[in-house]
Amino acid sequence: MSVVLQIKAATAKAIEQLYGVNLAPETVLVNATKTEFEGDYTIVLFAFVKQLKKSPDALGEELGSFLVKEQPHLFSGYNVIKGFLNLVLSDDFCSAFVSGQYQNPKFGFAEEGQEKVMVEYSSPNTNKPLHLGHLRNNFLGWSIAEILKHTGHEIVKTCIVNDRGIHICKSMIAWQRYANGATPESTGIKGDHFVGDYYVKFENELKAQAEPIIDAAVAGDFSSFEAKDLPKLTALQKVYTTEKDGPKKEAAIKAYEEIRELARNATPVMKEAQHMLLQWEKGDETVISLWQRMNSWVYAGFDETYQKIGSDFDKVYYESNTYLLGKDLVEEGLAKHVFFQKEDGSVWIDLTADGLDEKIVRRKDGTSVYITQDIGLAEQKQKEFNAAQSIYVVGDEQNYHFKVLKLICQKLGLPSADGIFHLSYGMVELPSGKMKSREGTVVDADDLVADMIAIARQKTEELGKVKDFTETELQELYEIIGIGALKFFLLRVDPKKKMIFNPEESIEFNGFTGPFIQYTHARIKSILRKQEQITDLAGTANLPLLPLERTLAIELEQFPAILEEAAREHDPSKVAIYVFNVSKTFSSFYAEHSIANAESEAKKQFRLQLAALTAQVIKTAMHVLGIRVPERM
RNA sequence: GGACCGGUAGCUCAGCUGGAUAGAGCAGCUGCCUUCUAAGCAGCAGGUCAUUGGUUCGAAUCCAAUCCGGUUCACCA
C-alpha cells in the first residue's frame, strides 16, 4: 500500500479512536508538503473542523501527536501551521523502502488478473504515408496499452487498416495513368511514400480538371454536370453571385465550396475513380489484383516505420473485410425498435433525447455507412476477444462519432457497449496552424524520425563521450536518443490537449526531454558499473538521511501510484512528468553528494541502493512510454 | 444556431475531485568541470491564472454570463 493510502487510513483510524467519528479514508485530503515547510506529507484539516467541533490547531496537535505515537515506524515528527498538519516520514521508513525494493525488477507493477482491455490505435489509410499526427496516435496507443499491462490488465492491441474506398482508388488511377509500370523496387522509393506520391498526382490532376468546371459553373454554365445536379447548382450559383460582395459573404463562400465539391465529382478522373470503386466492389479481377499489389507496397513501407517506432499489434483488422459488418445489426435494431425507417427506405436512429441528432445507419440504397461498420466491428471484436473494455485511440475531431457509436451499441444491447472508451487526443499543429497537405506543411513521420536520429548523432559526436562504441552500437544509441526525444516530446503533454510542434526549433535534448532522463539513467549505470556488488548491510537501517536522499526515496515510493493514476486517466503524460521529476531530483542529489566517496561505508551502500532503484524506476517508466534507456551516452 | 473542448510567465506546458506565497522546461542574465558523465547543478529575473460576477473560512480549480480560439452537427470515411 502506498504511503499516501497508509496516511489516509491511519488518519481515519486516529479520528475514530480520538473522537469516535467514522470517516472514509478517501475523504482525508493528503498533499505533498510545500517545500518551504518542514514535512513530507500534509493533511488538510479544514474539512473535519466543523464535524469534530475542534479548532484546526487543536485538531492538528492532537492528531499529529497521536499519529507519531501510534505509528513510530512511519512518522518521526509533525508540525501544525494554520490548519495544515505536516507529517515527517521517518528515515527508517524511507531507507527500509529503498532496501526492500532496489532489487525488485517488478517494482511499480500491479498484480496481474485485472480485466481484459482492447486498445485500437494507429489505424492508417493505405493511400498515404504516416505523418506527425499518426506518431502521436501510435505513441499514445502503445503507451496506454503498456501502462495498462503494468497495472495488471491483459491487453490486446489492434489496428484497423483503412485499405479500401475512393481514396485508395485515386492512387490506383494515378498509378495506371502515370507510372508506366514503375514500382517501389524499380524506383527505390519506400512503398507507402511511392503510393502516396500517386495520390498527390491524382489530386493535382483532379484540381486541374475541376478548375475550368468551377469557373464555368460560377458563370452559370453547367454543361459539365449531370442533370440531377442542375437544380442544386442553379440555387448555389445564385447565392454565390448575389452574396459574394454582399453582407452574407459567408453564405457565398459556402456556396462556392459546394459548387467546387460538385465540380470535383464531375471531372473525368473522379468518375474514373468512382467507376473503379464499383469495379472493386464487384470483385473485378484486374482491379483487385492492382489493389492488392499497391497495398502490399504500402504495407512493406508501414512495417518498416512501425518497426522503427516500435508499434506492434496482436490483431490487425482490414476494412476490406469488415466494411460489410453491421448489416445484421441494422435488422436487429429495426426489430427492437431502436432504429426506424423513413419513407425512402433509409434507416435512422433518433438520439435527440440524448442531446444529439438523428443519425443514419443505412442508406436508402441499402448500403451501410461508416458508423454501421464500426458497430459491426465492435460486435466482432467482442465475439473474438470478449474484452471488458475497448479503448479507441482516435483524434478529438471524432468525439461526436464515438459518443454516437457508444450510445447506439448501448441501445442495441451489445455486451461490449459500456466498455467502449474513446481515448480522444488533440491534433498536433504547427505554429502556423493545422498541417495541410495542400500547402505541403504535413510533417512526414519517416522524415521526422530520420531527422531526430541525425540530430542525436550530431549532438553525441559533439560531446564525444562514446568514442569507443562500434558503428553498430553508435547507430543503436542514436536511435535510442533520437526516437526517445521524439516520443517524450509527444507524450509529455496531456493527450486531450492539442499541441504545437515547431519544425523550426528542433526538438530539445536539454531540460524536460527524453534525452535528459536517458542521461540520468546512463550516469547512474556508470556509477553502478564501477562498484563491486551492492551488499545489503544491515547498517543501512539506522542511518540518518539527508534531505535530498529523503526526497528521492519518497518520490520513488510514489511510482506505483503514478502508474495507477496514468492508467485510470488514460494519460501517459502523468508518467512522463513523474519520471522527469525523479531525474531532476536525482541530478540534484548527484551534484551535491558523492556516492562512491560517501561519508561512510553504510552511507555508500545506501546511496548505491537508492541510485539502483532510481535507475530501475527510470527504466520502467520510460519503458511504458515506449522509450529505451541507454547504459552509456 | 446546437453540442463539446480549450484560454496559466516572451514561448511550450504542469497544476483543475476547491487548500499554504501558482510550478517546470526553453529563451535571457550570474556562477560552477584537478573528485562518480557539464545532454548536468546552483541562482536571478519573468504572472491581472481571458474578463466580470457568484458560491465559501478559502477559487487558477466549482457555478453563471461575456470575449477569443478550435472541433463537430454528411445518405464522406
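The basis for the numbers below is simple: all heavy atoms, side chains too, and nothing from hydrogens, waters or symmetry mates. Residue numbers begin at 1 in each chain, while the letters A, B, ... track the order of the sequences.
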Examine [N]: is either OP1 or OP2 under 4.0 Å from a nitrogen or oxygen in the side chain of [X]? Give yes or no.
| X | N | value |
| --- | --- | --- |
| Asn510(A) | G40(B) | yes |
| Arg492(A) | A24(B) | no |
| Ser588(A) | A42(B) | yes |
| Arg632(A) | C36(B) | no |
| Arg523(A) | A38(B) | yes |
| Lys34(A) | A20(B) | yes |
| Lys497(A) | G7(B) | yes |
| Lys342(A) | C75(B) | no |
| Ser526(A) | U37(B) | yes |
| Lys434(A) | U71(B) | yes |

Looking across every strand, which nucleic acid part, if any, lies under 4.0 Å from [X] by heavy atom: base, sugar-phosphate, or nothing?
| X | value |
| --- | --- |
| Thr460(A) | base |
| Asn31(A) | nothing |
| Ala591(A) | sugar-phosphate |
| Glu319(A) | sugar-phosphate |
| Val44(A) | base |
| Ile360(A) | base |
| His593(A) | base |
| Phe509(A) | base |
| Ser594(A) | base |
| Phe580(A) | sugar-phosphate |
| Met633(A) | base |
| Lys574(A) | sugar-phosphate |
| Lys364(A) | base |
| Ile577(A) | sugar-phosphate |

Could you tell me whether Tyr199(A) and His167(A) have their ring centroids closer than 6.0 angstrom?
no

Does the ring centre of Phe37(A) sit less than 6.0 Å away from the ring centre of Phe84(A)?
no

Given atom [atom1] of [X] and atom [atom2] of [N], what is their separation to the nearest angstrom?
| X | N | atom1 | atom2 | answer |
| --- | --- | --- | --- | --- |
| Glu258(A) | C76(B) | CD | P | 14 Å |
| Phe339(A) | C75(B) | CZ | P | 15 Å |
| Glu429(A) | C5(B) | CD | C1' | 12 Å |
| Glu397(A) | C4(B) | CD | C1' | 14 Å |
| Met499(A) | G69(B) | CE | C1' | 18 Å |
| Arg264(A) | C76(B) | CZ | P | 16 Å |
| Asp374(A) | C76(B) | CG | C1' | 14 Å |

Apply the salt bridge (Lys or Arg N to Asp or Glu O under 4.0 Å) test between Arg607(A) and each candidate in Glu601(A), Glu599(A), Glu592(A); give the one that qualifies.
Glu599(A)

Centroid distance below 5.5 Å plus an interplanar angle below 30 degrees: do [X] and [N] meet both conditions?
| X | N | answer |
| --- | --- | --- |
| Tyr400(A) | C73(B) | no |
| Phe84(A) | G19(B) | no |
| Phe46(A) | G19(B) | yes |

Given [options], identify the nucleotide with an atom nearest to the side chain of [X].
| X | options | answer |
| --- | --- | --- |
| Ser346(A) | C75(B), A14(B), A20(B) | C75(B) |
| Lys584(A) | A24(B), U12(B), G40(B) | A24(B) |
| Leu29(A) | G19(B), C75(B), G40(B) | G19(B) |

Does [Y] have [X] sitting over its ring (NZ/CZ under 6.0 Å from centre, angle to axis within 45°)?
| X | Y | value |
| --- | --- | --- |
| Arg492(A) | Phe512(A) | yes |
| Lys359(A) | Trp348(A) | no |
| Arg632(A) | Phe469(A) | no |

Ignoring hydrogens and angles, does a donor from either the side chain of Ser573(A) or the base of A14(B) sit under 3.5 Å from an acceptor on the other?
no

Checking only heavy atoms, does the side chain of Asn86(A) share a donor-acceptor pair with the base of A20(B) at less than 3.5 Å?
yes

Check the chi torsion on C33(B) and let me know: syn if it falls within 90° of 0, anti if not.
syn

Phe559(A) vs Tyr578(A) aromatic rings, parallel, tilted or perpendicular, using cut-offs 30° and 60°?
parallel

Under 3.5 Å, is there a donor-acceptor pair linking the side chains of Asp357(A) and Tyr400(A)?
yes

Given pairs defined as Watson-Crick or G-U wobble with both distances under 3.5 Å, what dot-bracket annotation applies to RNA chain B, with ( ) intrastrand, [ ] crossing, | other strand and . unpaired?
((((((((.[[[[.)...(...]]]].(((((.......))))).....[[[[[..)....]]]]])))))))....

More than 12 heavy atoms of other residues, nucleotides or ligands under 6.0 Å from CD of Glu281(A): is that the case?
yes

Could you tell me whether Lys8(A) atom NZ has more than 12 heavy atoms of other residues or ligands within 6.0 Å of it?
yes

Nearest heavy-atom neighbours spanning Ala273(A) and Cys169(A)
O-CB, 3.8 Å

Lys498(A) or Phe589(A), whichever maps to the more 5' nucleotide of RNA chain B:
Lys498(A)

Give me the distance, rounded to whole Å, that separates G1(B) from A9(B) when you measure between the P atoms they each carry.
29 Å

